[in-house]
Amino acid sequence: MADTKREIERKYESDESGLPDLTGVAGVAAVIDKGVAHLDATYYDTADERLDASSITLRRRTGGSDAGWHLKFPVAPGVRDEIQAPLSDTLPRTLAGLVRSRVRDAELVPVVRLRSDRDVRDLVDAEGRLLAEVSVDAVQAERLTGGGRTAQWTEIEVELADGTDPAFLDKVEKKLKKAGVRPSASASKLKRALTETAPKKKRGGKAGEAGAQAEPVTAGDHALAYLRAQLDAIVELDPAVRRDVYDSVHKMRVATRRMRSALKSYGKVLDREVTDPVGAELKWLAGELGVDRDQEVLTERLTAAVDELPRALLVGPVRTRLRTWSRARGGGSRRRLTNVLDGARYLRLLESLDALVADPPLLKAAGRKPEKVIGKAVRKDLAKVSRLVERAFELEPGQERDLALHEARKKAKRTRYAAESAVPALGDPATALVKSMKSLQNLLGDHQDSVMTREALRELARQAHGAGEPSFTYGLLYGREERRAAEDEAELPGLWKEIKGGTSI
């Protein structure tokens, strides 16, 4: 079992190597000496230090009050999520999964050992409540690879207690600065250890480390920058999906869709014969990510509709029937999705995406100016939306029209993603198109949700009838959804006219 803790801390250096008196910090009633703890931590990474490149730390530590395995993900400067697992001889499977999107099949090996004598002080308020823990750490670092270089230093660490206002750290820092203490140049002990114990040829930065990425200057540069951003999002969201962080599945699904859409939109820049198989795998991943999400959205819509009804219109065990139906249709669970992310197919997809952005199948148009090539691609996508919307106008209300509007929605989403990727090249016109396509996508999305909700209501009514339950309420809700879809269809011509009149890309 792994536990997650939000860690908010700041690190400092002092030429005096001691801790100034902190009793004068506003809100601090007492500084309590907690004694010295002896900590021994071994940090793990791949041979090419992939975790460090992502500012992720993985360690096995003994000593202190929280001995065990610790995995830390960056959240913001000075803020990290720490996932803890009990002490064991081997890396717990849960933590191994959380780094798999970055590690892939590479072996995790010990890279640095840090031994620290930690002199701890608790800052407490007048009621004895812990505000922060302050420690002076005397650190000895040993590189376990590449020659075994060593280093040592002393640092001050201030970690905010749970429930304390983060602004309290500013008060502590003000007191420390007055005493000549300065913020540490390193974000973590591991960063400092890797820098100070690195082989001489690597000092000043890792081999192959690049500076700031240049602005895209060709259509190919532009397309690849967007694809890299989506790949980074997929990799970074992987641990959050495994931890069931709110909205992480949706965000990862969007990243896969954006990438797939870009591969289609930029067919004149990147060879479709190479990218289409990758796009097919992205579609598979988006489908796996959406198994539970689509059902959740449908259940939420139905539940909200039931909640809006007066009690007199709830005839029969409607809520119970809805819960039973929803559980039966559940496509899986977090364990199912974790198995997908642990599977060979997903890891092959990540490798394929790495290869795609590292050695892209560029076509002749990739070398041209992005304004022309990217602009043409976006206009082509918009033209497809236009044909589908106007075809839907020609159809009578019913299933065929519903299908046409659904296709228009999918193309609107693709056009929106294409416009988003085009903003750096095309500026305000692309931004305006993003806004327009989002409005269209939302309207058509509500219409499609109504179509799916009516199908669900028909199924619920059949199940209720078969169980001898009244089906009145389901028919009532069906009628309301039918009216809602009709209102969406009535609103569409005006919105489409506005979009056509305001599009200048």
Side-chain angles (χ1 to χ4, degrees), residues 1-7 9 34-75 80-118 120 133 135 137 139-146 148 157 159 162 188-194 197 235-245 248 333-344 346-347 350:
M1 179 67 71
D3 298 317
T4 301
K5 179 180 181 296
R6 177 62 55 89
E7 179 185 83
E9 65 180 21
K34 304 296 289 186
V36 178
H38 303 286
L39 310 176
D40 191 341
T42 300
Y43 288 78
Y44 289 76
D45 205 338
T46 59
D48 53 359
E49 298 176 8
R50 299 179 193 178
L51 297 184
D52 178 60
S54 299
S55 298
I56 295 171
T57 61
L58 172 64
R59 73 185 178 202
R60 181 186 184 274
R61 189 168 77 181
T62 58
S65 61
D66 63 347
W69 287 90
H70 304 156
L71 176 61
K72 299 186 181 186
F73 289 96
V75 176
R80 294 185 291 183
D81 277 344
E82 179 178 281
I83 297 93
Q84 302 177 348
L87 193 64
S88 61
D89 292 336
T90 58
L91 177 63
R93 182 177 178 181
T94 302
L95 300 191
L98 293 177
V99 297
R100 186 164 286 115
S101 65
R102 293 172 171 86
V103 173
R104 313 288 170 81
D105 292 326
E107 183 183 6
L108 285 166
V109 297
V111 292
V112 166
R113 183 182 184 187
L114 296 182
R115 284 170 285 185
S116 305
D117 291 332
R118 170 165 289 183
V120 182
E133 180 183 277
S135 63
D137 294 344
V139 184
Q140 291 183 318
E142 177 187 2
R143 169 78 67 152
L144 302 178
T145 59
E157 183 176 289
E159 182 173 347
D162 293 342
S188 68
K189 289 182 178 66
L190 177 61
K191 284 284 188 184
R192 183 165 182 173
L194 288 172
T197 66
V235 171
E236 290 168 9
L237 284 163
D238 178 296
V241 169
R242 293 171 186 267
R243 292 163 54 205
D244 202 22
V245 174
S248 58
S333 63
R334 188 172 68 167
R335 177 176 293 181
R336 181 201 63 80
L337 187 51
T338 299
N339 288 337
V340 170
L341 299 182
D342 283 339
Y346 171 66
L347 294 182
L350 293 182

Fill in the blank from the handout: Distance col, row I56:CD1 vs E236:CD, nearest 0.5 angstrom, shows 8.5 Å

Practice task
Give a yes or no on this: more than 12 heavy atoms of other residues, nucleotides or ligands lie within 6.0 Å of atom NZ of K34.
Solution key: no

Exercise for the section: For residues L144 and V112, determine if any side-chain heavy atom of one lies less than 4.5 Å from a side-chain heavy atom of the other. Expected result: no

Problem - Validation row: D66, R61 side chains within 4.5 angstrom (heavy atoms) - result: yes

Practice task
Before giving the answer on side chain to side chain contact (heavy atoms under 4.5 Å, CB included), spell out for E157 and D137 the whole-Å C-alpha distance, their side-chain angles and the decisive distance to 0.1 Å.
Solution key: CA-CA 8 Å; E157 183 176 289; D137 294 344; 4.2 Å; yes

Handout entry: pair D45-V109: side-chain heavy atoms closer than 4.5 Å
Key = no

Completion exercise
Between the CG atom in L71 and the CZ atom in R60, the distance rounded to the nearest 0.5 Å is 15.5 Å

Practice task
Measure the OG-CD distance between S135 and E9 for me, rounded to the nearest 0.5 Å.
Solution key: 8.5 Å

Exercise for the section: Please check if the side chain of R102 supplies one atom and the backbone of L51 the other of a donor-acceptor pair under 3.5 Å. Expected result: no

Fill in the blank from the handout: Of all heavy-atom pairs linking Y346 and D238, the shortest is OH-OD2, 2.7 Å

Practice task
Verify, without hydrogens or angle tests, whether W69 (side chain) and S88 (backbone) share a donor-acceptor contact under 3.5 angstrom.
Solution key: yes

Practice task
Determine, stepwise, if the pair R6 / E82 fulfils side chain to side chain contact (heavy atoms under 4.5 Å, CB included).
Solution key: CA-CA 6 Å; R6 177 62 55 89; E82 179 178 281; over 6 Å; no

Problem - Set of side-chain hydrogen bond (donor to acceptor under 3.5 Å, both in side chains) partners for S101, sequence neighbours left out - result: none

Problem - Side-chain touch R115/H38, heavy atoms, less than 4.5 angstrom - result: no

Practice task
Please check if the side chain of R100 supplies one atom and the backbone of D342 the other of a donor-acceptor pair under 3.5 Å.
Solution key: no

Handout entry: Under 3.5 Å side-chain donor-acceptor pair for D52 and Y43
Key = no

Practice task
Determine the minimum heavy-atom distance between S55 and P74, stating which atoms define it.
Solution key: O-CD, 3.3 Å

Exercise for the section: Indicate yes or no: at least one non-hydrogen side-chain atom of K189 is less than 4.5 angstrom from one of T57. Expected result: no

Practice task
Check whether any side-chain heavy atom of E142 lies under 4.5 Å from a side-chain heavy atom of T42, and answer yes or no.
Solution key: no

Handout entry: Non-hydrogen atoms of L190 and L114 that approach each other most closely
Key = N-CD1, 4.3 Å

Handout entry: Stepwise side chain to side chain contact (heavy atoms under 4.5 Å, CB included) check, L194 with R143
Key = CA-CA 7 Å; L194 288 172; R143 169 78 67 152; 3.8 Å; yes

Practice task
State the NE2-CG distance between H70 and L87, to the nearest 0.5 angstrom.
Solution key: 8.5 Å

Problem - Closest contact, heavy atoms only, T145 versus P110 - result: CG2-O, 3.6 Å

Exercise for the section: Decide side chain to side chain contact (heavy atoms under 4.5 Å, CB included) for S188 and R80; before the verdict, give the C-alpha distance in whole Å, the side-chain angles of both, and the deciding distance to 0.1 Å. Expected result: CA-CA 11 Å; S188 68; R80 294 185 291 183; 3.9 Å; yes

Handout entry: Q84 side, atom CD; L95 side, atom CG - distance, nearest 0.5 Å
Key = 10.0 Å

Problem - side-chain hydrogen bond (donor to acceptor under 3.5 Å, both in side chains) involving R243 - partner list, sequence neighbours excluded - result: D81

Practice task
Can you measure from OG1 (T46) to CD (E107) and round to the nearest 0.5 angstrom?
Solution key: 10.5 Å

Handout entry: Heavy-atom closest pair, residues A141 and A193
Key = CB-CB, 3.8 Å

Exercise for the section: Please tell me if the side chains of L91 and L58 come closer than 4.5 Å, counting only heavy atoms from C-beta onward. Expected result: yes

Handout entry: Beyond-backbone contact of L98 with I83, side-chain heavy atoms, under 4.5 angstrom
Key = yes

